[in-house]
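Report on one structure; see the data block that follows.
In what follows, every chain begins at residue 1, and chains take the letters A, B, ... in the order their sequences are listed. Everything numeric here is computed off the predicted structure, so don't read it as measured data.
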Amino acid sequence: MPAPSRPRKRPTIIVGSVDNSSSSSSSDDEEEEEEEVEDTVDDEDEEKGKGRNGSLSGKGVGKKAPAIIISLKKVCKVCKEEGHQAGFQGANYIDCPRKPCFLCKMPGHTTMSCPHRVALEHGVVPALRKNKQTQLDYVFERQLMSQIPKIKPAFVIPDKLDRGVVKLHSRRVTSLEFHPTMNSVLLSGDKKGQIGIWDYSKPNEKTVYGSIHSCIVNNMKFDTRNDIMLYTSSSDGTISYTDLETGIGVLLMDVNPNGWNGPSTWRMLYGMDINLDKGLLLAADNFGYLYLFDTREKVKIGESILIHRKGSKVVGLHCNPTQPDLLLSCGNDHYAHIWDIRRLETQSFLASLAHGRVVNSAYFSPHTGSKILTTSQDNRIRVWDSVFGNLNMPSREIVHSHDFNRHLTPFKAEWDPKDPSESLAVIGRYISENYNGVALHPIDFIDTSTGHLVAELIDPDLTTISPVNKLHPRDDILATGSSRSVFIWRPGGLKVEDKEAERKKEIIFCNTGKKSAKEKFIESDGDDDGDDFPSKGKNKQQKKYGGKSDKSGSSKSKIVKI
DNA sequence: AATAGATGGCCCC
DNA sequence: TGGGGCCCCTCTAT
């Protein structure tokens, strides 16, 4: 894949004419809103003006400098050139036409007209050439793939959902994990290091532990042999092993034993996974190194191993569910690597999967472990159908908007662990769509075997981007982390069990009305059913999306089948 | 109500 | 190979 090229640097900002007679700049005849800014600079301010732009001086020579009027012409905020403007117009975002498409990264069109956005399948791009099938592939397909039924899970079928929301965190949610045995217990980690526990069947059962980590909780894994215990990795450079009933934990590993010596040396732990068969905990840092920990003996094993480009962040680690010797890693060096855990040395990977940009996540498929699903910041989800086949090229690339703004948690396409065909994945979408005058960011269900967008989940009260999503291992339930909120979604029919909590709006369940599946907008309805979300969000939403004030305060959430 | 600031990747030198 | 400047459909606090 050609790496998407960023366009070159643009000329510096035009500060306009230093002319106090005519600030009118002729050709702005088109629109009602003349966005000309006039700024009068007098003597003392001129000093500052000089600092920024030396050319301002010299005009007002000699005596008292005349008032300087700076006029800013209507200019594109992206490329700083005149004649067009980028940004929101109502709930539609207009791209700068000089930039490559924000979705597929190709030049010549904008997101509005991108074929991948218009297409129903939301843009599946086949791999450039078909994987050549080897004998191994045929054996593999006959023995393994034949056992994989082609049944899609039920979750994507209903078009009405119940929803629960809770705001446990004071910073954005960075990780989610369902409890392995207690069906309604969800864990959430945030940017500040706090870990929340929420039993969504008993809305008042919420706990937040604030002193386990001091910054971003990047990963949470249960000790499935003793599932009140939780392993967590954090950007504070530690691995903790915490008793969830008491919140008391053990510090298993600290990769900054010498403390803080500035950001250039501070190690942060991103990827982490547990290898149950081998009694191993694997974690990796932001400088490319892998650490091994013996969970039985509670000791670190050997020295750290460089597994990605030196100095680059290792973002994710995943152990193969069926083959304990296989490890998958991904990182900021644009690669995902497959490793043999028995032979871990720098450059000793079994296979290397190239990506256009940073790889946010790489996962083996949940049952057979034979497929690989990756999410890369080049706005592509990639699927390799067989780890035993040709790994030079992905089997499919799916164009999908998740090239994230730096202030968000990276998007990760997550398998549905219940899907026996190992094809359904969920991932939040970055670019918004205009839903009846409101810009919303859906959560997408994608059939990775075809690239089709199977369903998209929207909710008028979910106005923020939802980069963190997890499907329940057994139930038809989706958990979403969006900004500081945690959402639970499930097919309709839920009984509200706690009227008191509902009244206090600590948790909100809403039962949505049935709508035709093809409709891609939200009905506006009255705010009388008592299920509306705190008004703060709503006001903001109306403001932000430009006073068109379609009353979109409905709390209906729905999955729209395409 | 407007805005700063937190923040990471990437490109250039 | 390291540092500085810039990217620009966020979100929140002031």
Can you figure out which of [options] approaches the side chain of [X] most closely?
X        : options               : value
A:Gln377 : C:dC8, B:dG9, C:dT10  : B:dG9
A:Arg484 : C:dT12, B:dG8, C:dC11 : C:dT12
A:Leu408 : C:dT10, C:dC9, B:dG9  : C:dT10
A:Tyr430 : C:dC9, B:dG8, B:dC10  : C:dC9
A:Lys99  : B:dG8, C:dC9, C:dC7   : C:dC7

Need one value for [X]: base, sugar-phosphate or nothing, where a base atom within 4.0 Å counts as base even if backbone is also close, heavy atoms only.
X        : value
A:Thr464 : sugar-phosphate
A:Asn332 : sugar-phosphate
A:Ile431 : base
A:Phe102 : base

Would you call A:Arg309-A:Asp333 a salt bridge at under 4.0 Å N-O?
no

Could you tell me whether A:Asp444 and A:Arg429 make a salt bridge, using a distance below 4.0 angstrom between a side-chain N and a carboxylate O?
yes

With distance as the sole test, does [X] use its side chain to make a donor-acceptor pair with the main-chain N or O of [Y] at under 3.5 Å?
X        : Y        : result
A:Asp95  : A:Thr111 : yes
A:His402 : A:His400 : yes
A:Trp384 : A:Thr374 : no

For atom [atom1] of [X] and atom [atom2] of [N], their distance in whole Å:
X        : N      : atom1 : atom2 : value
A:His441 : C:dC9  : NE2   : C1'   : 7 Å
A:Gln85  : C:dC8  : CD    : C1'   : 15 Å
A:Phe404 : C:dT10 : CZ    : C1'   : 12 Å
A:Asn379 : B:dC10 : CG    : C1'   : 16 Å
A:Phe411 : C:dC9  : CZ    : P     : 13 Å
A:Lys191 : C:dA13 : NZ    : P     : 11 Å
A:Arg309 : B:dC10 : CZ    : P     : 9 Å
A:Arg357 : C:dC7  : CZ    : C1'   : 10 Å

Only one of A:Asp459, A:Asn469, A:Thr480 passes side-chain hydrogen bond (donor to acceptor under 3.5 Å, both in side chains) with A:Trp489; say which it is.
A:Thr480

Is there a side-chain polar atom (N or O) of [X] under 4.0 Å from OP1 or OP2 of [N]?
X        : N      : value
A:Ser483 : C:dT12 : yes
A:Arg171 : C:dA13 : no
A:His334 : B:dC10 : yes
A:Lys310 : C:dT1  : no

Watson-Crick or G-U pairs under 3.5 Å in DNA chain C, rendered as dot-bracket with [ ] for crossing pairs and | for another strand:
.||||||..|||||

Which value, in whole Å, describes the distance between the P atoms of nucleotides B:dC12 and C:dC8?
14 Å

Pick the nucleotide of DNA chain C nearest each of A:Ser170 and A:Arg406; which residue has the one closer to the 5' end?
A:Arg406

State whether a side-chain donor-acceptor pair under 3.5 Å links A:Trp198 with A:Ser188.
no

Report yes or no: do A:Thr238 and A:His213 form a side-chain donor-acceptor pair below 3.5 Å?
yes

